[in-house]
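Along the sequence shown, residues carry numbers from 1.
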Amino acid sequence: MPNIPEHLRQASIALLESSAGSLSLLQDALEAAGLKNTRVLADPANGLAWLLENTWDLLLLDLDMSRPGGFEILRLLRKYLPENQPILAVSCRNDVESRHRALDLGVSDYLCKPVDHREMLLRLRNHLSLWFTRLELDQERRWLEQRVEEHGRELEKTTETIVRCLVRVTEYRDNQNGHHMMRIGESVALLARACGCREEWVGQLRVAATMHDVGMVGIPDYILLKPGPLDEAETQVMRRHSQLGHQFLSDSAANPLLQLAAEVALHHHERWDGSGYPAGLKGEAIPLSARIVALCDVYDVLRTPRPFRPAWTVKEAQLYIREQSGRQFDPELVRLMDRHMFEQFESLRLVWSD
């Protein structure tokens, strides 16, 4: 008898036949070879149910059964079981057509009756070795995937820590912002989710939006901290913050979050009608990320007091947003904001109060 390695002797082996079958005679040969964990299923219907509900490693299937037939059982098993789980067909049919049919339905091997015990054990050993190797590889693959996910989460946490530092620097340079950056991140996430955006993208945009004004660190203090309105020349310098922010963030092209942040920083002052800056993009040529941030940014700025003006009231700010639909803002986003968002934005202002 062939040598069966110790780790294979623990395999769970099922033998499915009809009540008048002969597979039960093979059980003695299996046990003599050290395979003690065997089970004979002598009823096709109940045996099929057991095979679908329980865990096992290899099946010896009698194809000569009826009601349901062996081929029908094989078809059902392959429909619901792992593709590579070993099934060895046993049949008195030795014609090419029967073999081809069984192989086409997914048997791992085909044995003819009367079964040669040595041949059966050799083939069974080989298929079990292959099956357990696949199980080990699957387990290793899942472990590696888990490690990759853990590494990804650690990297994401590190990136968000760096982002928070960047945001603090920006807020420090423009001491009028208060919690503006944090409110923008949360309000942007609300609006992006209402648009039906993927949750992963929503999470990235929530963080990326907080960096939309990171380019402000490159604007001179005499302009950035001027207590009154800017003149034309100063306005042109101030507008450079969008390109500066893009330059600061676009060096990290391999990071999807920072790529998105660079996109937002560059385009959040574009206008739906094409009159914005820096590129004068129009309509849907403006990235969705920037359209969402632009709307949330303007609403929060209007509701926040500045040195040269008081905060606009809720009604005044909401009226402005509606009036600028199709001009400054994406009309579909304004519709969503008007229907669902204003009250939630005001709640965020209470949570992230200046």
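One hydrophobic cluster, built from ILVMFWY side chains closer than 4.5 Å, holds both Ile292 and Tyr320. Leu52 and Leu61 fall within a single hydrophobic cluster, where Ile, Leu, Val, Met, Phe, Trp and Tyr side chains are chained together by heavy-atom contacts under 4.5 Å. At a threshold of 4.5 Å between side-chain heavy atoms, the hydrophobic network of Ile, Leu, Val, Met, Phe, Trp and Tyr places Val202 and Phe345 in two separate groups. Under a hydrophobic clustering in which Ile, Leu, Val, Met, Phe, Trp and Tyr are joined whenever their side-chain heavy atoms come within less than 4.5 Å, directly or via other members, Leu135 and Leu137 fall into different clusters. A continuous path of ILVMFWY side-chain contacts below 4.5 Å connects Tyr110 to Leu59, so both sit in one hydrophobic cluster.
The main-chain N or O of Trp312 is found under 3.5 Å from a side-chain atom of Arg303 such that the two form a donor-acceptor pair. Side-chain atoms of Lys226 come within 3.5 Å of backbone atoms of Pro229 as a donor-acceptor pair (strictly under, hydrogens ignored). Between the side chain of Gln85 and the main chain of Trp56, a donor-acceptor pair closer than 3.5 Å is present. Here the side chain of Thr210 pairs a donor or acceptor atom with the backbone of Val207 at under 3.5 angstrom. Arg291 contributes a side-chain N or O that, together with a main-chain N or O of Ile286, makes up a donor-acceptor pair within less than 3.5 Å. With hydrogens and angles ignored, the 3.5 Å screen pairs no side-chain donor or acceptor of Arg123 with any backbone N or O of Leu111. Panel note: side chain Asp64, backbone Cys92; a donor-acceptor pair is recorded below 3.5 Å. Under a 3.5 Å cut-off, the side chain of Gln236 and the backbone N or O of Ala233 do not form any donor-acceptor pair. Looking only at distances, no side-chain donor or acceptor of Glu17 sits under 3.5 Å from a matching main-chain atom of Val40.
His268 and Asp297 are not linked by any side-chain donor-acceptor pair at a separation below 3.5 angstrom, with hydrogens and angles left out of the test. Between the side chains of Arg99 and Asn94, at least one donor-acceptor pair of N or O atoms lies under 3.5 Å.
Here the side chains of Gln324 and Val334 are not in contact, with every heavy-atom distance at 4.5 Å or above. Residues Leu60 and Val115 have side chains not in contact (no heavy-atom distance under 4.5 Å, counting atoms from C-beta outward). Within the 4.5 Å cutoff, the side chain of Asn54 has no heavy atoms near those of the Ser12 side chain. Side-chain contact between Ile184 and Asp213 is absent, with no heavy-atom pair separated by less than 4.5 Å. With a 4.5 Å cut-off on side-chain heavy atoms, Glu346 and Tyr299 count as touching. Side-chain contact between Trp50 and Arg39 is present, with heavy atoms from C-beta onward closer than 4.5 Å. Arg206 is not listed as a side-chain neighbour of Val188, based on a closest heavy-atom distance of 4.5 Å or more. At least one side-chain heavy atom of Leu128 sits under 4.5 Å from a side-chain heavy atom of Asp57.
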Test side-chain contact (heavy atoms from CB on, under 4.5 Å) applied to Asn37 and Gln10, step by step: CA-CA 6 Å; Asn37 191 14; Gln10 306 305 316; over 6 Å; no
Verdict with reasoning, Leu302 to Glu316, per side-chain contact (heavy atoms from CB on, under 4.5 Å): CA-CA 9 Å; Leu302 293 178; Glu316 289 171 337; over 6 Å; no
Steps toward side-chain contact (heavy atoms from CB on, under 4.5 Å) verdict (Cys296, Leu191): CA-CA 8 Å; Cys296 297; Leu191 186 53; 4.0 Å; yes
Trace of the side-chain contact (heavy atoms from CB on, under 4.5 Å) decision for Val351 with Arg183: CA-CA 9 Å; Val351 174; Arg183 289 195 298 268; over 6 Å; no
Test salt bridge (charged side-chain N to carboxylate O under 4.0 Å, His left out) applied to Arg75 and Glu72, step by step: CA-CA 5 Å; Arg75 186 185 66 79; Glu72 177 62 16; 2.5 Å; yes
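Residue Pro331 comes nearest to Trp272 through the heavy atom pair CD-CE2, 3.4 Å, listed as atom of the first residue, atom of the second, then distance. The two atoms that bring Leu35 and Arg9 nearest to each other are CD2-CA, 3.7 Å, heavy atoms only. Of all non-hydrogen atoms in Ala209 and Val293, the two that sit nearest each other are CB-CG2, 3.8 Å. Closest of all the heavy-atom pairs between His117 and Ala29 is ND1-CB, 3.5 Å. Closest approach of Gly245 and Ala265 over heavy atoms only: C-CB, 3.9 Å. Between Leu63 and Ser91, the closest heavy-atom pair is CB-CB, 4.0 Å.
Listed by chain and residue number, nothing satisfies the ring-ring contact (aromatic ring centres under 6.0 Å, His included) test with His267 (two or more places apart in sequence, or in another chain).
Within 6.0 Å of CD on Glu97 lie no more than 12 heavy atoms contributed by other residues, nucleotides or ligands. With a 6.0 Å radius and a threshold of 12 heavy atoms from other residues, nucleotides or ligands, Arg240 has its CZ atom at or below the threshold. Within a 6.0 Å sphere centred on NZ of Lys36, heavy atoms belonging to other residues, nucleotides or ligands number more than 12. By the 6.0 Å contact criterion, CD on Glu119 is enclosed, its count of non-hydrogen atoms from other residues, nucleotides or ligands being greater than 12. For CD of Glu343, the number of neighbouring non-hydrogen atoms (other residues, nucleotides, ligands) closer than 6.0 Å is 12 at most.
The CG atom of Leu258 lies 10.0 Å from the CD atom of Gln204; values are rounded to the nearest 0.5 Å. Rounded to the nearest 0.5 angstrom, Ile219 CD1 and Met216 CE are separated by 6.5 Å. The distance from the CZ atom of Arg198 to the CG atom of Leu205 is 11.5 Å, given to the nearest 0.5 Å. Rounding to the nearest 0.5 angstrom, the gap separating the CG atom in Leu58 from the CD1 atom in Ile13 is 5.5 Å. Note that NE2 of His127 is 11.5 Å distant from CD1 of Ile87, once rounded to the nearest 0.5 Å. Note: Leu260 CG to Met211 CE = 8.0 Å, rounded to the nearest 0.5 Å.
When the options Glu186, Glu199, Glu200 are evaluated for a salt bridge (Lys or Arg N to Asp or Glu O under 4.0 Å) with Arg193, the one that passes is Glu199. Checked against His246 for a side-chain contact (heavy atoms from CB on, under 4.5 Å), the options Leu266, Val214, Val264 give a single hit: Leu266.
Taking 4.0 Å as the cut-off between side-chain N and carboxylate O, Arg142 and Glu145 do not count as a salt-bridged pair.
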